[in-house]
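One structure is given here, and the rest of the page talks about it.
Order of appearance sets the numbers: ligands from 1, and atoms from 1 within every ligand. Hydrogens, waters and symmetry mates are skipped; everything else that's a heavy atom, side chains included, is used.
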Amino acid sequence: MIRVTVYNENVHEKLDPAVSAVYPEGIHGAIRSFLEADGDFSVRTVTLDDVESLTKEVLAETDVLLWWGHIAHHKVPDEVARRVQEAVLEGMGFIALHSGHHSKPFRALMGTSCNLSWREDGDMERVWVVKPGHPIAQGLGRYFELPHDETYAEPFDIPEPQALVFATWYEGGELFRSGCCYTRGAGKIFYFQPGHETFPIYYDANVQTVLKNAVRWAAPTARVPLDCPNIRKIGTE
Ligand code: ZN
């Protein structure tokens, strides 16, 4: 079993009936549901209310952490973000979802502003598979479409992706690098753009395929504790 932790701030769901109508169990509940149905994943969920439960111990028992946040990024304590960043450097997988591009852990891991352009009018998006041999793209066609999502547009201020798996075209003509892979230290990171809270994106079969593939891809092969030892010359230990 791959041990997955899903963090969702769960704030829109409490404030906006349009969001709780789409996600009555929260975005984290929807993600947990399709991951658990797969049978390969054990899933824990965390929201902003208990974000401090992302302790070093919980992160050590997490193979892959998914992160959905938007209006409450600033309420995540810096110390929690630092723990997540260190866990990734030691090998934990990290998947930043949609507006998680501005989350503290993702920005810390990228080292750039992660700013982008956006408009919220529910355009159709066509997600193109630009790296069909990549593990995250398995089981998909040449592209898939989502009838409505928030538009995210270039320029997206991220480091050059180590692998670009998806690129999105929107009805309005914008382009966006929507599926980006990185490694930092021993950890693997994936950013995936679809997932605006007012649209049922996480019920889409292709999106679920992407995220299940991404969790499998990001699961660690090793955990390497951060260390900076003072060493002795071989033969003089
Ligand atoms: Zn959004």
Side-chain angles (χ1 to χ4, degrees), residues 6-34 45-49 51 65-76 81 84 94-110 112-128 144-158 161 164-180 189-211 214:
V6 180
Y7 170 79
N8 167 34
E9 63 183 23
N10 197 36
V11 176
H12 289 290
E13 290 92 329
K14 291 183 196 166
L15 298 178
D16 185 351
V19 177
S20 53
V22 178
Y23 292 110
E25 308 298 323
I27 287 172
H28 55 296
I31 293 173
R32 175 214 281 264
S33 175
F34 73 75
T45 59
V46 174
T47 65
L48 182 63
D49 291 338
V51 68
L65 173 63
L66 290 86
W67 196 281
W68 198 103
H70 181 221
I71 53 172
H73 292 317
H74 62 289
K75 293 187 175 167
V76 174
V84 170
F94 184 77
I95 299 175
L97 299 167
H98 187 59
S99 40
H101 70 94
H102 261 171
S103 64
K104 287 183 180 181
F106 187 66
R107 292 173 86 163
L109 287 160
M110 294 297 105
T112 57
S113 73
C114 302
N115 289 336
L116 47 77
S117 306
W118 57 282
R119 62 184 170 81
E120 193 181 337
D121 43 14
D123 267 16
M124 183 270 275
E125 75 170 294
R126 183 173 295 138
V127 181
W128 285 94
F144 63 90
E145 293 178 348
L146 297 165
H148 305 287
D149 198 3
E150 183 178 12
T151 295
Y152 276 10
E154 298 285 345
F156 184 18
D157 182 25
I158 46 172
L164 180 67
V165 185
F166 303 111
T168 286
W169 171 90
Y170 297 88
E171 220 177 316
E174 291 88 350
L175 300 173
F176 192 70
R177 288 169 291 170
S178 51
C180 306
I189 300 163
F190 180 58
Y191 171 78
F192 189 53
Q193 177 274 332
H196 189 62
E197 67 274 6
T198 55
F199 302 118
I201 306 264
Y202 295 111
Y203 301 110
D204 179 86
N206 289 308
V207 167
Q208 294 181 0
T209 295
V210 169
L211 292 179

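The Zn ion (ligand 1) has an N, O or S atom of Glu150 closer than 2.8 Å. Note on His196: counted as a metal contact of the Zn ion (ligand 1), an N/O/S atom lying under 2.8 Å.
Nearest N/O/S atom of His98 with respect to the Zn ion (ligand 1) is recorded as NE2.
Between the side chains of Glu174 and Thr151, not a single donor N or O lies within less than 3.5 Å of an accepting N or O. No side-chain donor from either of Asn115 and His101 sits under 3.5 Å from a side-chain acceptor of the other.
Between the Ser99 side chain and the Gly69 main chain, a donor and an acceptor come within less than 3.5 Å of each other.
Considering every non-hydrogen atom in both Trp67 and Leu65, the closest pair reads CE3-CD2, 3.9 Å.
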